[in-house]
A.B. asks: 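Just passing along the structure, written as structure tokens.
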Amino acid sequence: MNEHLEALRVELKYDKTKACVQCGYCLPVCPTYVTMGKETHSPRGRINLIKMVGEGKIKDLSVLEEPLDLCLGCRACETVCPTGVEYGSLLEAARAAIIRRKKYSLPSRIARNFAFKRMFPSRRAMNLVGNAMWLYEKSGAQKAARKSGLTHKLPGHLGEFEAIAPPAVSPFERASLPKFSKAKGKLKYNVAFFVGCVMDAMFRRINELSVKLLAEAGCDVTIIENQTCCGALHAHSGELDESKTLAKANIAAFSRGNFDFIINNAGGCGAIMVEYGDLLEDEPDWAERARQFSAKSKDISQVIALCGGIQGEARQSERVTYQRSCHMTNVQKVTREPLQLIQGVRNVELIEMKDADMCCGSAGIYNIVHFDASMDILDLKMNSVKQTQTTTIITTNPGCLLQMKLGIEREQLQESMRAVHLVEYLAEAAGIS
């Protein structure tokens, strides 16, 4: 075997493809295989393509680009796989290999560099995004744009997402999130809170409620100053080296304090943070620190459940359903705690939907860059939601939240159904504002 092919095998993590026995258990849980019906858009099909590149049977890596690009990365295949295939690791390695060889046009290269290296990693930049959204909303520009139909002319279906964007918070409120919040009553845990980039820019209100819920549950909560983007969007987009850089920055920032847990409230962020140990396993100076960070990284539902939950009651008797975050279910393996917290709210009946573990089609920015494919998956999810005859969809991930709101709009159920984050739901039930 020549040196070039051997190096490519290492880059693609080729040896991990050997665990796949092509049994097909992954097919019925793969959203793109279910909606597209193509073997190349199934987990085993994608793994076989990677394997063929590693064996020199496919010379041009661009052959992999469309099948891998259309993968949501939900990793439901890992949960059902009988042989323990590390599909997520293979997917990210192959995407990174493609990106390293791809020749982008100058505008595309500038846009990617700005987004991945300047915007998402910078809290200042994301604050500017959040403040711009508030100004757009409060200045009357939003109302005028919607009334004139200008939002419907935005590229890439962005107008549909603009219609469901959460209300922005003011620059004053954005600056008012306390760096430390003391536990109410007996101290149970000392935790650090991860604010995220998109969460902090677009879902600041959920972050504020998260800190209040943690304090209510008995946690001292610290917000570390030098934290940055988790790196999930970078890893999913083939920018693996940049993802590692961000992981190291977060590990260094949070190591300055002695915390029981590092808390996040977004399934996608939590998924990569619990895998920092895997992401940096080949770097001796960081591997052990990364494993220690990952061990402390928890979804907010886990810690609130550990604290005994939140006492609360729905304003009126209602039926709710829970939209499971793929990255919480298949990567973090957090399945019990959100249900436990929902069931702890008085006056609420929880109805599980059919195929509850199936992806909703959000997957980071997948629903923006692959809108039609995402909507095919969302339509299946909304059929399951409608069968529950519930009035509230509870989510634990910002992408799922927006996707469910979009589904409600598409089904014209705005008058009878809503979508909320679990944090919002618990705060509402507990009377926390």
Side-chain angles (χ1 to χ4, degrees), residues 177-178 180-196 199 203 206-224 227 230 250-251 254-255 257-277 290-314 320 322-346 348 350 352 394-398 400 420-432:
L177 191 63
F180 177 79
S181 297
K182 189 168 180 56
K184 293 188 178 179
K186 182 181 178 182
L187 175 64
K188 297 174 183 176
Y189 298 106
N190 178 30
V191 305
F193 182 68
F194 180 77
V195 299
M199 282 302 298
F203 302 91
I206 295 176
N207 275 357
E208 292 174 3
L209 292 174
S210 296
V211 171
K212 290 178 180 179
L213 279 175
L214 287 165
E216 184 73 26
C219 297
D220 278 352
V221 187
T222 301
I223 295 179
I224 298 295
Q227 60 179 287
C230 67
N250 279 321
I251 292 167
F254 283 92
S255 67
N258 184 23
F259 303 107
D260 298 312
F261 302 113
I262 300 166
I263 313 296
N264 72 86
N265 58 8
C269 295
I272 194 166
M273 289 163 70
V274 300
E275 292 195 329
Y276 275 180
R291 283 191 289 269
Q292 292 174 5
F293 180 99
S294 292
K296 289 186 176 183
S297 182
K298 303 292 179 184
D299 182 77
I300 188 171
S301 64
Q302 293 177 282
V303 176
I304 291 179
L306 272 176
C307 291
I310 294 291
Q311 298 301 312
E313 182 173 359
V320 306
Y322 170 51
Q323 160 55 29
R324 297 170 183 267
S325 159
C326 294
H327 286 111
M328 276 183 63
T329 300
N330 302 316
V331 184
Q332 297 186 70
K333 307 300 182 184
V334 178
T335 56
R336 177 179 53 84
E337 291 88 347
L339 296 174
Q340 180 183 331
L341 294 175
I342 294 169
Q343 290 168 329
V345 176
R346 297 185 297 276
V348 168
L350 174 64
E352 283 271 46
I394 299 174
T395 74
T396 50
N397 188 57
C400 296
V420 297
H421 193 284
L422 176 63
V423 165
E424 295 176 294
Y425 194 76
L426 293 176
E428 179 184 283
I432 297 172

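Position 1 is the first residue of the sequence, and the numbers go up from there. All heavy atoms count here, side chains included; hydrogens, waters and symmetry mates do not. These figures come from a predicted structure and were not determined experimentally.
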A.B. asks: Which value, rounded to the nearest 0.5 Å, describes the distance between Leu426 atom CG and Leu209 atom CG?
C.D. replies: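 Separation between the atoms: 10.0 Å.
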
A.B. asks: Looking at every non-hydrogen atom in both residues, tell me the closest pair between Ile223 and Pro178 and how far apart they are.
C.D. replies: CD1-O, 3.4 Å

A.B. asks: Short question: side chain of Asn190, backbone of Asp260 - any donor-acceptor pair under 3.5 Å?
C.D. replies: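 No, because the side chain of Asn190 does not come within donor-acceptor range (under 3.5 Å) of the backbone of Asp260.
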
A.B. asks: Do you know which two heavy atoms are closest between Val423 and Ile206, and how far apart they sit?
C.D. replies: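 Between these two residues, the closest heavy atoms are CG1-O, 3.7 Å.
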
A.B. asks: So which heavy atom on Ser297 is nearest to which on Val274, and how close?
C.D. replies: O-CG1, 3.8 Å

A.B. asks: Which value, rounded to the nearest 0.5 Å, describes the distance between Cys400 atom SG and Met328 atom CE?
C.D. replies: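 Atom-to-atom, Cys400:SG and Met328:CE are 9.5 Å apart.
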
A.B. asks: Would you say that Phe261 contacts Cys219 through its side chain, given a criterion of any heavy-atom pair below 4.5 Å between the two side chains?
C.D. replies: no

A.B. asks: A side-chain contact here means heavy atoms from C-beta on lying under 4.5 Å apart; do Ile304 and Leu213 qualify?
C.D. replies: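 Yes. Closest side-chain heavy atoms under 4.5 Å.
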
A.B. asks: Is there a side-chain contact (heavy atoms from CB on, under 4.5 Å) between Val334 and Thr329? Walk through the geometry before answering.
C.D. replies: CA-CA 5 Å; Val334 178; Thr329 300; over 6 Å; no

A.B. asks: Give me the atom names and distance for the closest heavy-atom approach of Lys188 to Cys307.
C.D. replies: NZ-O, 2.7 Å

A.B. asks: For the NZ atom on Lys333, are there more than 12 heavy atoms of other groups (residues, nucleotides or ligands in this structure) within a distance under 6.0 Å?
C.D. replies: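 Counting other residues, nucleotides and ligands, NZ of Lys333 exceeds 12 neighbours.
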
A.B. asks: Between Ser301 and Asp299, do the side chains contain an N or O donor and an N or O acceptor separated by less than 3.5 Å?
C.D. replies: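 Yes, a side-chain donor-acceptor pair sits under 3.5 Å.
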
A.B. asks: Looking at Glu352 and Arg324, does any basic side-chain N land under 4.0 Å from a carboxylate oxygen?
C.D. replies: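 Looking at Glu352 and Arg324, the cut-off is met.
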
A.B. asks: Could you tell me whether a side-chain N or O of Lys184 sits under 3.5 Å from a main-chain N or O of Gly218, the two making a donor and an acceptor?
C.D. replies: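 A pair under 3.5 Å: no.
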
A.B. asks: Taking Gln227 for the side chain and Val195 for the main chain, is one N or O donor matched with an acceptor at less than 3.5 Å?
C.D. replies: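 Pair found, side chain donor or acceptor close to backbone of Val195.
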
A.B. asks: Measure the CD1-OH distance between Ile394 and Tyr322 for me, rounded to the nearest 0.5 Å.
C.D. replies: 9.5 Å

A.B. asks: Do Met273 and Ile262 have side chains that approach each other closer than 4.5 Å (heavy atoms only, starting at C-beta)?
C.D. replies: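 In contact.
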
A.B. asks: Kindly compute the distance separating CZ (Phe203) from CG (Asn397), expressed to the nearest 0.5 Å.
C.D. replies: 8.5 Å

A.B. asks: State, with a plain yes or no, whether a side-chain heavy atom of Phe259 is found less than 4.5 Å away from one of Val221.
C.D. replies: no

A.B. asks: Please confirm whether the backbone N or O of Ile272 pairs with a side-chain atom of His327, one donor and one acceptor, at under 3.5 Å?
C.D. replies: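 Answer holds: no.
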
A.B. asks: Say whether, by atom type as modelled, one donor and one acceptor occur between the side chain of Asn265 and the main chain of Ser210 under 3.5 angstrom.
C.D. replies: no

A.B. asks: Which pair of non-hydrogen atoms, one from Glu337 and one from Ala305, has the smallest distance, and what is that distance?
C.D. replies: CG-CB, 3.8 Å

A.B. asks: Check whether Ser294 reaches the backbone of Gly277 with its side chain - one donor and one acceptor, N or O, closer than 3.5 Å.
C.D. replies: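 Checking the backbone N and O of Gly277 against the side chain of Ser294, a donor-acceptor pair under 3.5 Å is found.
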
A.B. asks: Check whether any side-chain heavy atom of Tyr425 sits under 4.5 Å from a side-chain heavy atom of Leu341, and report yes or no.
C.D. replies: no

A.B. asks: What are the two closest heavy atoms between Val303 and Lys298, and how far apart are they?
C.D. replies: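 The pair with the smallest heavy-atom distance is CG2-CB, 3.9 Å.
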
A.B. asks: Could you check whether any side-chain heavy atom of Tyr189 comes within less than 4.5 Å of a side-chain heavy atom of Leu214, counting everything from C-beta outward?
C.D. replies: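 A side-chain contact under 4.5 Å is absent here.
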
A.B. asks: Would the distance check show the side chain of Asn264 and the main-chain N or O of Phe194 forming a donor-acceptor pair, the cut-off being under 3.5 Å?
C.D. replies: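 Side chain of Asn264 to backbone of Phe194, a donor-acceptor pair under 3.5 Å: no, none is there.
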
A.B. asks: Report yes if the side chains of Thr335 and Leu339 come closer than 4.5 Å at any heavy-atom pair, otherwise no.
C.D. replies: no

A.B. asks: Just say parallel, tilted or perpendicular for the rings of Phe254 and Phe293, cut-offs at 30° and 60°.
C.D. replies: perpendicular

A.B. asks: Side chains of Leu422 and Thr395: does their closest heavy-atom pair fall under 4.5 Å?
C.D. replies: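 Not touching, per the 4.5 Å side-chain cut-off.
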
A.B. asks: Quick check for you: to the nearest 0.5 Å, what is the distance between Lys182 atom NZ and Thr222 atom OG1?
C.D. replies: 11.0 Å

A.B. asks: With a 3.5 Å distance limit and no angle check, can you tell me whether Gln332 reaches the backbone of Gly267 through a side-chain donor-acceptor pair?
C.D. replies: yes

A.B. asks: Quick check for you: to the nearest 0.5 Å, what is the distance between Glu216 atom CD and Gln311 atom CD?
C.D. replies: 10.0 Å

